[in-house]
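First the structure, in the form of structure tokens, and then the observations on it.
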Amino acid sequence: MSRIEKRFAALKDKNQAAFVSFTMAGDPNYDTSLDLMKALPKAGVDIIELGMPFTDPMADGPAIQLAGQRAIKGGQTLKKTLDMVTAFRKTDDETPIVLMGYYNPIFIHGVEDFIANAKAAGVDGLIVVDLPPEEDDELCVPARAAGLDFIRLATPTTDEKRLPKVLENTSGFVYYVSITGITGAATPDENAVGKAVAAIKEKTELPVAVGFGVSTPEQAAEIAKVADGVVVGSAIVRSMADALTVAGPPKKSFQKDVISAVKKLANATKRARK
Amino acid sequence: MTAHAPNSFRTGPDEKGRFGTFGGRFVAETLMPLILELETAYNEAKQERSFKAEMENLWRNYVGRPSPLYFAPRLTEHLGGAKIYLKRDELNHTGAHKINNVLGQILLARRMGKTRIIAETGAGQHGVATATVCAKFGLKCVVYMGATDVERQKPNVFRMKLLGAEIVPVTSGRSTLKDAMNEALRDWVTNVEDTFYCIGTVAGPHPYPAMVRDFQSVIGWEAKGQMKHAEGRLPDVLVACIGGGSNAMGLFHPFLDDADVRIIGVEAGGKGVDTEEHAASLTGGRPGVLHGNRTYLLQDEDGQIKEAHSISAGLDYPGIGPEHSWLKDMERVEYVSVTDDEALKAFTLCCEMEGIIPALEPAHALAHVAKIAPEMEKDQILLLNMCGRGDKDIFTVAEALGTEI
């Protein structure tokens, strides 16, 4: 059983939804980012999504765009992102880690090398926004063959006819994008999300996590009632931006501030079904 | 990675939208159903005589096509070699080749029932063309433009406003064309129901590179006929400038299988391709994935996209249409670059010799013509695509020449 499967199974036994956090690797620099990553599981994060910074994140809103720019400015590279995972795994071999980003840095790193290095570092799954099923031969098929999960986005524009194609090579979990739009942009309509999640679950045994636009503990709790997981990115990344000094370096309270925001979201998710 | 030459260079892309390994559909899932719908709609439209007839009618009566093929006698004499012909797409309504493509896409948008048109623009020529055709049809038009470009292309910004378009200055990333395209894609992901994304060049996810090429190919087909009429034969050399590459692809495509025609694309070398400040993706970049397709890109060793630089805002893009990438690797088209300074010299030469103020974009092509024409025989023919006029550039040129207007 993979780490992702184990985690969803354990949460199912407790009748809880998974709380999935998104942070950008290397934001605002390698050390701060790694320290924060290490503190996430204790704050209630069940699955860590780690962003691979890219100059041109076409599906992301301003908060995550800026996080990527800070990380690149701080010297983050794809290799350093994999190093972070290696470092994290020295003290935590259970929390699933999913890398999320865009294809070009992976393509330039070399697909074969990337898969081997990610696997060796202890990465569990990949979300690559600009690789739809039509481009599965690029990365999805070889990554799955090597034992990495390839987590696909399903969206409100993925209709009934297209859904099987989206689910075909998906593994780990399905990431339902709750709005048409970019990350952090709008508030999802919980009724519509509930229906969409149910429709996906009719077609797959995989857990369904919901993200894009979930930003408050209240929203997280609503989503946790209808989905197997709640993904929060922009709201956490914004709390990180707020905990930076005007000049850029983190305030002394950086980790405390961010972890406190994460805890509120995680607790709301865990208590939702009680 | 040169492969065996195919039987024809004109059959691409394949059903996956690939030209060799280039092209493709590297977009977020939210957009995937939209580009599949667009592909179906385009394939249907191009089979229908009424679609083509409507487009040809507007090309003739609204744009002013066919654009003339002009023999440039003084330039020819001055350079002292090959006969130089100019395909005068700068005489089109709105002053550039961009409107050829915009008309096609907006007629398609109307067929698809879309009511809101979005576009990205660099120099503003594609934005002006889009705003123009939207005004003509009463469609809502939103143009994304890098804040840096808004500042350096004020006349075009005002033109677009006069035409009723909403201009959104883009401050994300580094505030130029690349970021404007990101922002337009973000808009499209958000407004999927009513919005049509009118891309201005032969880039983006399939079917855009092929569709824009098809609409722009009117340039090459006309030129082929006109050249036969004028000289009784095809030209020896074609030259066109390349940013994303739409005017070049439009001229080149009908000639790709004419093996005797040498074809040259001219990239913007900025301050020199050996510096950090240029826009020559083919000469100075390597293959990667951006804006929905795989193509040559200016990028660092970690796959982060670099900013392009050119005196010409219209060439200031770190990528290039995927079909050009393929034609480079197949060695069917030669790709070279010229610097800002060389382009400026060609700009003034064209003004003085032929009474034509060229846009800075085709001034790049002319700069290369000035290099090769003297080496050619006097009975050889060189055809240059004069794809835009320079009214928009007078401020930039004045500044570069140290003149106050």
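The two residues A:P132 and B:M32 have their closest heavy-atom pair at CG-SD, 3.7 Å. The two residues B:V289 and A:F54 come nearest to each other via the heavy atoms O-CZ, 4.4 Å.
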Show me the donor-acceptor pairs under 3.5 Å between chain B and chain A.
residue : atom : partner : partner atom : Å
B:R18   : NH2  : A:E135  : OE1          : 2.5
B:R18   : NH2  : A:E138  : OE2          : 2.9
B:R25   : N    : A:E135  : OE2          : 2.7
B:E29   : OE1  : A:R162  : NH2          : 3.0
B:E29   : OE2  : A:T158  : OG1          : 3.1
B:E29   : OE2  : A:R162  : NE           : 2.7
B:T30   : O    : A:T157  : OG1          : 2.9
B:K178  : NZ   : A:D56   : OD1          : 3.1
B:K178  : NZ   : A:D56   : OD2          : 2.8
B:N182  : ND2  : A:D56   : OD2          : 2.7
B:R186  : NE   : A:P57   : O            : 3.4
B:R186  : NE   : A:D60   : O            : 2.9
B:R186  : NH2  : A:P57   : O            : 2.7
B:V189  : O    : A:G181  : N            : 3.2
B:T190  : O    : A:T180  : OG1          : 3.3
B:V289  : N    : A:N104  : OD1          : 2.7
B:R294  : NH1  : A:E138  : OE1          : 3.1
B:R294  : NH2  : A:E138  : OE2          : 2.6
B:Q299  : OE1  : A:N104  : ND2          : 2.8
B:D302  : OD1  : A:L78   : N            : 3.3
B:D302  : OD2  : A:L78   : N            : 3.3
B:G303  : O    : A:N104  : ND2          : 2.9
B:Q304  : OE1  : A:T55   : N            : 2.8
B:Q304  : NE2  : A:P53   : O            : 3.0
B:I305  : N    : A:T55   : OG1          : 2.9

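With a 4.5 Å cut-off on non-hydrogen atoms, B:I305 touches chain A through its backbone and its side chain both. Only the side chain of A:I72 comes within contact range of chain B, judged by heavy atoms closer than 4.5 Å. For a residue to count as touching a neighbouring chain, one of its non-hydrogen atoms must lie under 4.5 Å from one of that chain's; by this rule A:P57 touches chain B with backbone and side chain alike. For A:V166, the part lying under 4.5 angstrom from a heavy atom of chain B is the side chain only.
A search for side chain to side chain donor-acceptor pair (under 3.5 Å) contacts involving B:Q153 returns nothing, not counting sequence neighbours. Taking the salt bridge (Lys or Arg N to Asp or Glu O under 4.0 Å) definition, one finds that B:R111 meets it with B:E48, sequence neighbours left out. Annotation: side chain to side chain donor-acceptor pair (under 3.5 Å) contacts of B:E277 (sequence neighbours excluded): B:K271.
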